[in-house]
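Just so it is clear: chains get the letters A, B, ... in the order the sequence lines come, proteins before strands, and each one is counted from 1.
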Number of protein chains: 2
Amino acid sequence: MTAPDGPFVLEGRPTAQLIADQLREQIVQGIFRPGQQINESVIAGQLRTSRGPLREALQRLCQEGILVSHRNRGVFVHELSIQDIREIYAVREAVESTAADALLDAGAKRVKDTCQLLKKIIRDMAKQVALSDWQAIARLDMEFHTTFVAGAGNTRLIRIYQTLAAESRMCILNLEVSYPRIDVLVEEHQNILDLLEAGDREELHKAIKRHMQKAVEDLTASSEEMHIAN
Amino acid sequence: MTAPDGPFVLEGRPTAQLIADQLREQIVQGIFRPGQQINESVIAGQLRTSRGPLREALQRLCQEGILVSHRNRGVFVHELSIQDIREIYAVREAVESTAADALLDAGAKRVKDTCQLLKKIIRDMAKQVALSDWQAIARLDMEFHTTFVAGAGNTRLIRIYQTLAAESRMCILNLEVSYPRIDVLVEEHQNILDLLEAGDREELHKAIKRHMQKAVEDLTASSEEMHIAN
DNA sequence: GAACTGTAGATTGTCAACAATAGGCGATGT
DNA sequence: ACATCGCCTATTGTTGACAATCTACAGTTC
């Protein structure tokens with residue numbers, strides 16, 4: 001499905017995709033704020049390219065829903081409402097649950113390999129928790145979940161989840177929410193990993209559900225005190 | 001969320017999106033075959049625009065996964081393998097199940113309104129079955145499911161499902177499969193509608209699962225005899 | 001005859017100039 | 001003082017031209 005395309009294909013990926021990836025990363029890092037307009041000329045200059053390729057990249061991000069386009073006015077970073085947060089985490093729960101089932105059905109080896117990757121991410125996460133590097137923690141949090149979904153081997157699920165992960169990072173960063181209870185963060189992910197390793201389908205689903213519900217509670221609670229639109 | 005943007009905003013939607021919608025429709029109707037290259041100059045001419053806006057639209061469809069882009073070679077209609085079919089229907093099952101839960105949780109009025117829309121689609125479908133208009137049947141089939149998901153009111157779920165619906169139509173058309181048992185088609189959808197109306201969550205999930213599994217069986221069986229790549 | 005090389009054609013990738021539109025700002029009139 | 005009208009600037013939308021790259025084919029050599 002995702003063909004290796006032969007060895008050493010230098011820069012084989014389309015330009016628009018490369019630019020889109022860079023922009024997405026900058027957006028989730030909060031370099032662009034929600035509601036902010038993307039000035040095509042300025043950004044094109046910064047990325048050492050011209051408006052043509054940049055506009056193609058912007059269309060990709062519009063399709064993802066990270067940006068919104070208003071005709072004759074330009075593209076803007078999507079402002080996330082509380083309703084959006086609820087949506088995002090509802091869909092994340094659905095996707096992860098589906099991925100969990102697919103992964104468990106895919107056989108013990110697949111599960112084992114995935115657990116191996118997840119363990120490393122949790123170790124890194126614990127390190128960053130000690131350093132209190134929130135940016136890195138948010139990244140690793142999403143990397144954990146993305147890796148989890150990737151384990152299922154369903155390319156469409158992965159593609160869908162990548163957008164959701166980006167939006168989740170926007171939620172966390174843009175609402176300027178630090179993780180409320182940092183101590184349970186590693187613990188919760190470890191719990192999911194343990195249940196996956198044990199193959200306990202039922203409890204795994206419940207754990208994912210709890211994980212998402214907790215996140216929504218934290219995010220919506222903190223955004224209410226910040227007067228974010230409902 | 002999806003703002004009406006005021007009354008009478010003539011052609012308010014961005015150009016790239018309009019072009020992308022037109023192209024997607026042409027692709028699912030089989031005007032472009034899988035694997036076929038999209039010649040930018042030719043298509044731009046046909047759509048009475050230039051290569052710039054067209055390329056922006058192509059990027060949107062690449063992001064959806066309907067087209068694939070190879071650097072310095074162009075974009076091509078994605079060729080669906082049997083593995084792809086399994087993926088698409090697995091994700092569809094997950095999305096529809098999620099939508100079903102959300103819809104039932106959204107209250108009786110929402111359910112009732114959605115059922116009203118679904119009933120009309122089923123009536124239309126029965127009509128087209130009588131006429132044996134396969135193209136129209138495929139369209140209504142997807143319209144039924146899209147309307148079902150839309151009932152949940154989750155914009156991200158809707159967006160995700162629109163792509164899946166397009167890919168499903170490509171499966172049906174491109175594999176040149178007529179619906180194998182046309183008589184049960186209306187019946188199966190009516191069954192889903194009945195269970196939704198009755199609010200029988202458990203049976204609804206099972207019905208959706210059966211519906212998808214049956215579709216995969218039909219599609220994979222017919223593509224095997226057609227020597228499609230596994 | 002097979003393999004390799006160089007050339008030609010077509011197609012995509014990129015860019016810069018031009019056209020069109022929206023929103024801001026000041027002038028004007030009531 | 002307030003509202004309205006009209007201009008002005010900044011930004012986007014569109015186009016055509018140019019550069020880079022790939023594929024196919026013919027010619028050459030072993």
Q: Which is it for B/D113 and B/R110 under the salt bridge (Lys or Arg N to Asp or Glu O under 4.0 Å) test, yes or no, and what are the steps along the way?
A: CA-CA 5 Å; B/D113 290 346; B/R110 204 57 155 294; over 6 Å; no

Q: What's the spacing between A/I172 CD1 and A/I85 CD1 if we round to 0.5 Å?
A: 10.0 Å

Q: Is there side-chain contact between A/W134 and A/I182, with heavy atoms separated by less than 4.5 Å?
A: yes

Q: Expected output is a numbered-order residue list: members of residues 43-52 of chain B with a heavy atom under 4.0 Å from any atom of DNA chain D. What is it?
A: B/T49, B/S50, B/R51, B/G52

Q: So what does B/I38 hit on the nucleic acid, given a heavy-atom distance under 4.0 Å: a base, only sugar-phosphate, or nothing?
A: sugar-phosphate

Q: Under a criterion of less than 4.0 angstrom to any heavy atom of chain A, what are the 5'-terminal and 3'-terminal contacting nucleotides of DNA chain C?
A: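 Contact boundaries, 5' end first: C/dG13 to C/dG23.
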
Q: Before you tell me yes or no, could you show the steps for B/E64 and B/R60 under salt bridge (Lys or Arg N to Asp or Glu O under 4.0 Å), namely the whole-Å CA-CA distance, both residues' side-chain angles and the distance that decides it to 0.1 Å?
A: CA-CA 6 Å; B/E64 286 190 41; B/R60 285 186 97 107; over 6 Å; no

Q: Under the rule for side-chain hydrogen bond (donor to acceptor under 3.5 Å, both in side chains), what residues qualify as partners of A/K119, not counting sequence neighbours?
A: A/E197

Q: Using a 4.5 Å cut-off on heavy atoms from C-beta on, say whether the side chain of B/F76 contacts that of B/I38.
A: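 No. Closest side-chain heavy atoms not under 4.5 Å.
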
Q: Given the rule in the salt bridge (Lys or Arg N to Asp or Glu O under 4.0 Å) test, do B/K214 and B/D218 qualify, once you have shown the distances and angles that lead to the verdict?
A: CA-CA 6 Å; B/K214 245 183 186 318; B/D218 291 341; over 6 Å; no

Q: Earliest and latest nucleotide of DNA chain D, 5' to 3', sitting under 4.0 Å from a non-hydrogen atom of chain A?
A: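 First and last nucleotides in contact are D/dT11 to D/dT14.
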
Q: According to side-chain hydrogen bond (donor to acceptor under 3.5 Å, both in side chains), who are the partners of B/Q29, at least two apart in sequence or on a separate chain?
A: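 Scan of B/Q29 (side-chain hydrogen bond (donor to acceptor under 3.5 Å, both in side chains), adjacent residues dropped) gives B/E25.
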
Q: Using a strict 4.0 Å threshold on nitrogen-to-oxygen distance, state whether A/R169 and A/D141 make a salt bridge.
A: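 A/D141 and A/R169: not salt-bridged.
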
Q: Heavy-atom nearest nucleotide on DNA chain C for B/N72 versus A/R73: which residue maps closer to 5'?
A: B/N72

Q: Applying side-chain hydrogen bond (donor to acceptor under 3.5 Å, both in side chains), name anything that partners A/D101, two or more places apart in sequence or on another chain.
A: A/R201, A/H205

